[in-house]
Amino acid sequence: MGIITKIESLPRIKRRVAVYVDGEKQGVVSASLIREKGLAEGASLSEEDWQRLIEAEIAPALDLSLYYLGLKSRTRHEMEAYLKRRQYAPEVIAAVMDKLKDYGFIDDEQLSQRAVDTLSRQRLGRGAIERKLRQRGVDKDLAREALNAYQPEDENENARELARTLWERYREAEPRKRWQKTAAALARRGFSWDSIQSALQNLTSEETFDTW
C-alpha cells in the first residue's frame, strides 16, 4: 500500500486516530490498535495490514455499541449514525449491526411497539407518535403498523382527557380564545382534527363551536 506519513489524533473523538498513507487519508482506527501493532509514521503499511486493523475494530466497536444500547433502546438508524460519528469503517459498522441483530439487541419493530404504548399513555396523538418514530429513523410502514395498536377511539379518549386539563388551564381566556388555545395545544401534541373536534364538543357550547 505505502508508507504511513501521518497519524493524527481526532480533536472531537477520543482514542481514535486518522492514518495517512503516502499523504492521503486512509481511514480512522483505534489509537490503541496502532500502538498494539507497533505502527508509527514512516512505517510501511500493506493492504493486508490495513484489513487486519479494520477486522480488529469489530470487537471494540461492538463493545461500544452495547454500552450505548445500555443507556436506552436504539433504532438501527440511531446505532449506525452513532458508529459513523465515531468514524468506524463501513464494513465494521455492517459487521456490528449484523451481530446486534443476531443477538436481538436491535429490533425496530419491537422498539416501535413499545414506543407507541409508552407515548400513547403520555397522551400524545397518533401524528406526534409517528413523527417521533420517523425522527428516530423507523421506516414509515413499520411506524404505521405499530400505530395500529393505538386505535382512533383510544386517541379520542386521550384527547378528551387532555382537553379537560387544557380547558381548565385557559379558564381566564374569553370563550373563543379559550377554544383556540385548547385546540392548538391538542394539535401540537399530534391529535387528529376529528379527535380535537370530538374533545372540544364535550367542553364547549354549540354556539361557541360554530363561531370559532
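Counting from 1, the numbers follow the sequence of the chain as shown. Atom set for the values below is all heavy atoms of this structure, side chains included, hydrogens, waters and symmetry mates excluded.
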- Looking at Phe191, is Arg123 sitting on its ring face, NZ or CZ under 6.0 Å from the six-membered ring centre and within 45 degrees of the normal? no
- Query: Out of Leu133, Asn148, Leu111, which one pairs with Val116 under the side chain to side chain contact (heavy atoms under 4.5 Å, CB included) rule?
  - Reply: Leu133
- Query: So do Thr182 and Leu162 actually touch side chain to side chain, heavy atoms under 4.5 Å?
  - Reply: no
- Under 4.0 Å between a Lys/Arg side-chain N and an Asp/Glu carboxylate O for Arg52 and Glu55? no
- Task: Look only at the side chain of Gln122 and the backbone of Leu124, and say whether a donor-acceptor pair between them is shorter than 3.5 Å.
- Result: no
- Can Tyr20 and Glu8 be said to form a side chain to side chain donor-acceptor pair (under 3.5 Å), step by step? CA-CA 8 Å; Tyr20 291 78; Glu8 181 180 48; 3.3 Å; yes
- Message: Glu78 and salt bridge (Lys or Arg N to Asp or Glu O under 4.0 Å): which single residue from Lys84, Lys72, Arg136 fits?
- Response: Arg136
- For residues 26-84, pull every pair meeting ring-ring contact (aromatic ring centres under 6.0 Å, His included), keeping only residues two or more places apart or in separate chains. Tyr68-Tyr82
- Under 4.5 Å between any side-chain heavy atoms of Leu66 and Leu100, yes or no? yes
- Should the pair Glu157-Arg160 be classified as a salt bridge under the 4.0 Å nitrogen-to-oxygen rule? yes
- Nearest-0.5 Å distance, CG of residue Leu45 to CD1 of residue Ile4: 4.5 Å
- Message: Closer than 4.0 angstrom, basic N to acidic O: yes or no for Arg76 and Glu80?
- Response: yes
- Message: What I want to find out is whether Lys6 reaches Glu41 closely enough, with some N-O distance under 4.0 Å, to be called a salt bridge.
- Response: no
